[in-house]
> 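The following block contains the structure, expressed as structure tokens.
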Amino acid sequence: MKQKLLALLLTLTFVFSMAPLTVFAADNAKDPNHECDFAAGSVSNHDGTHKTYCSCGKFVTFDCYDYDGDHACDSCGYKMGCLYDAGVTSNNDGTHNVNCSCGDSVTYKCYDYDGDHACDSCGYKMGCLYDAGVASNNDGTHNVNCSCGDFVTYKCYDYDGDHACDSCGYKMGCLFDAGVTSNNDGTHNVNCSCGNYMTVKCLDPDGDGKCDSCGYLMYCNHISKSVKNNEDGTHTFFCRDCGEKLETEKHEYNKATGACVCGALKPLDVCEHTSKSVKNNEDGTHTFFCRDCGEKLETEKHEYNKATGACVCGALKS
């Protein structure tokens, strides 16, 4: 404030010592008693000079001066000698300030000579076409891209209710309410009614060899088996779950039904000789014969019962 008052006093002193005679002559012609005080302020001519006015409307023109070193005329504020060495600041309205280290700045309109949709001085984005598609950030937002390399980020939205962003396709809010489908490779898809799905690895917490979600056979204990008659007196077992070929065995026939587990029936020409007869050979031996098929079986020496002295064939101990 003191500096401003000092500047005003210096201005007035200079005015009264240097004022053109025509000014006072005009004033005296109108009012012989009026003396211009030139205390009505100064207005810049924007050329390094300013007009200092009197309340009567008269003015005198002076060169601008800067005694306080702030790069502005101390009377009219005309910016003079600013270095504008403190960079450029965008006003985010299509203009930017070019700053001086003294604290002053001048405001200019943004311009784009290189065609990258950004001000060449402050970088303010201007006129972007956003013509390069949309890319999901996989966090509920997406970038709308411009061919110049710029982009703007928006929150994903789902107006059509398909649980996916209408712009970038980011899956959001899926219910996964449409069941599970096996991929037959140790994974399965958990499906949503909107058509989306997520793929997860098969798991078998209950240890039955199958995925508890999709039923995919992860490993087999061959608990359930089928059997095939090989038509050669043998049969082979197969696993019903995995189809693996298991053991091969000879037929074994049920005594009551004459059938094997594979369904094969006991051949009629095979006799188990369950009923036997015996004949004394009169030479100290006897021979067994099958009552069913008549086949001659084993021949043995007599063995006499100690109590009766008789053999099973009826021969008596001599």
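Throughout, numbering of the chain's residues begins at 1 and tracks the sequence.
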> Compute whether any side-chain donor of one residue and acceptor of the other, for Ser275 and Asp292, lie under 3.5 angstrom apart.
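The criterion, which ignores hydrogens and geometry beyond distance, is not satisfied for Asp292 and Ser275.
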
> For the residue pair Leu217 and Cys242, what are the closest heavy atoms and their distance?
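Scanning both residues, the minimum pair turns out to be CD2-CB, 3.5 Å.
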
> Do Asn191 side-chain atoms and Gly179 backbone N/O form a donor-acceptor pair below 3.5 Å?
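Yes; judged by distance alone, with no hydrogens or angles, the pair exists.
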
> Let's go through Asp204 and Cys211 carefully: what are the C-alpha distance in whole Å and the side-chain angles of both, what is the deciding distance for side chain to side chain contact (heavy atoms under 4.5 Å, CB included) to 0.1 Å, and is it a yes or a no?
CA-CA 5 Å; Asp204 178 30; Cys211 175; over 6 Å; no

> In the single-linkage hydrophobic clustering (I, L, V, M, F, W, Y; side-chain heavy atoms under 4.5 Å), do Phe59 and Val43 co-cluster?
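Same cluster: Phe59 reaches Val43 through Ile, Leu, Val, Met, Phe, Trp or Tyr contacts under 4.5 Å.
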
> State, to 0.1 Å, how close Tyr124 and Gly94 come at their nearest heavy-atom pair, and which atoms those are.
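Looking at all heavy atoms of both residues, the closest pair is CE2-N, 3.4 Å.
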
> Can you find a pair of side-chain heavy atoms, one from Cys146 and one from Asp131, that are under 4.5 Å apart?
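Yes. Closest side-chain heavy atoms under 4.5 Å.
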
> Tell me, do His251 and Asn229 make a side-chain contact under 4.5 Å, heavy atoms counted?
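Touching, per the 4.5 Å side-chain cut-off.
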
> Where do Ser55 and Asp37 come nearest, in terms of heavy atoms and distance?
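Closest approach of Ser55 to Asp37: N-OD1, 4.1 Å.
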
> First locate atom NE2 of His96, then atom OH of Tyr111, and finally report the distance between them rounded to the nearest 0.5 Å.
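Taking NE2 in His96 and OH in Tyr111, the distance rounds to 5.5 Å.
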
> Any chain of hydrophobic side-chain contacts (each under 4.5 Å) joining Leu203 to Val180?
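Shared cluster, no.
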
> What do you reckon, is OH of Tyr197 surrounded by more than 12 foreign heavy atoms closer than 6.0 Å?
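Open.
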
> Is the backbone of Asp139 close enough, under 3.5 Å, to the side chain of Asn137 for a donor and an acceptor to pair up by distance?
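Pair absent, no side-chain N/O of Asn137 close to backbone of Asp139.
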
> Within the supplied structure, the quantity of interest is the number of heavy atoms (other residues, nucleotides, ligands) at a distance under 6.0 Å from Glu303 CD; does it exceed 12?
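No, the 6.0 Å shell around CD holds no more than 12 heavy atoms from other groups.
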
> Is it possible for you to say whether Val312 and Tyr304 belong to one hydrophobic cluster, with membership spreading through side-chain heavy-atom contacts below 4.5 Å?
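In one cluster with Val312: Tyr304, no.
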
> Check whether Asn45 reaches the backbone of Asp47 with its side chain - one donor and one acceptor, N or O, closer than 3.5 Å.
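It does not hold such a pair.
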
> With a 4.5 Å cut-off on side-chain heavy atoms, are Asp66 and Asp74 touching?
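Asp74 vs Asp66: side chains touch.
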
> To the closest 0.5 Å, what do you measure between SG (Cys54) and CD (Glu35)?
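Taking SG in Cys54 and CD in Glu35, the distance rounds to 10.5 Å.
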
> Check whether more than 12 heavy atoms from other residues, nucleotides or ligands sit under 6.0 Å from atom CZ of Phe151, and answer yes or no.
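Open: at most 12 neighbouring heavy atoms sit under 6.0 Å from CZ of Phe151.
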
> So which heavy atom on Asp112 is nearest to which on Ala118, and how close?
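It is OD1-O, 3.3 Å.
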
> With rounding to the nearest 0.5 angstrom, report the NZ to CD distance, Lys276 to Glu298.
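So the NZ of Lys276 and the CD of Glu298 are separated by 4.0 Å.
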
> Give the minimum heavy-atom separation between His50 and Thr52, together with the two atoms involved.
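Result for this residue pair: CD2-OG1, 3.5 Å.
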
> To the nearest 0.5 Å, how far apart are OG in Ser213 and CG in Asn189?
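Rounded to the nearest 0.5 Å, the OG-CG separation comes out at 12.0 Å.
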
> Hey, what do you get for NZ (Lys171) to CZ (Phe176), rounding to the nearest 0.5 Å?
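Answer rounded to 0.5 Å: 6.5 Å.
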
> Rounded to the nearest 0.5 Å, what's the gap from NZ on Lys301 to SG on Cys311? Could you check?
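The NZ atom of Lys301 sits 12.5 Å away from the SG atom of Cys311.
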
> When you compare the side chains of Asp63 and Thr49, does any donor N or O come within less than 3.5 Å of an acceptor on the partner?
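Short answer, no.
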
> Where is the tightest heavy-atom contact between Leu246 and Cys239, given as atom of each residue plus distance?
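That closest heavy-atom pairing would be CD1-N, 3.9 Å.
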
> Check whether any side-chain N or O of Asn254 sits under 3.5 Å from a backbone N or O of Ala256 as a donor-acceptor pair, and report yes or no.
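Checking the backbone N and O of Ala256 against the side chain of Asn254, a donor-acceptor pair under 3.5 Å is found.
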
> Is any side-chain heavy atom of Lys245 closer than 4.5 Å to a side-chain heavy atom of Lys228?
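Lys245 does not reach Lys228 side chain to side chain.
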
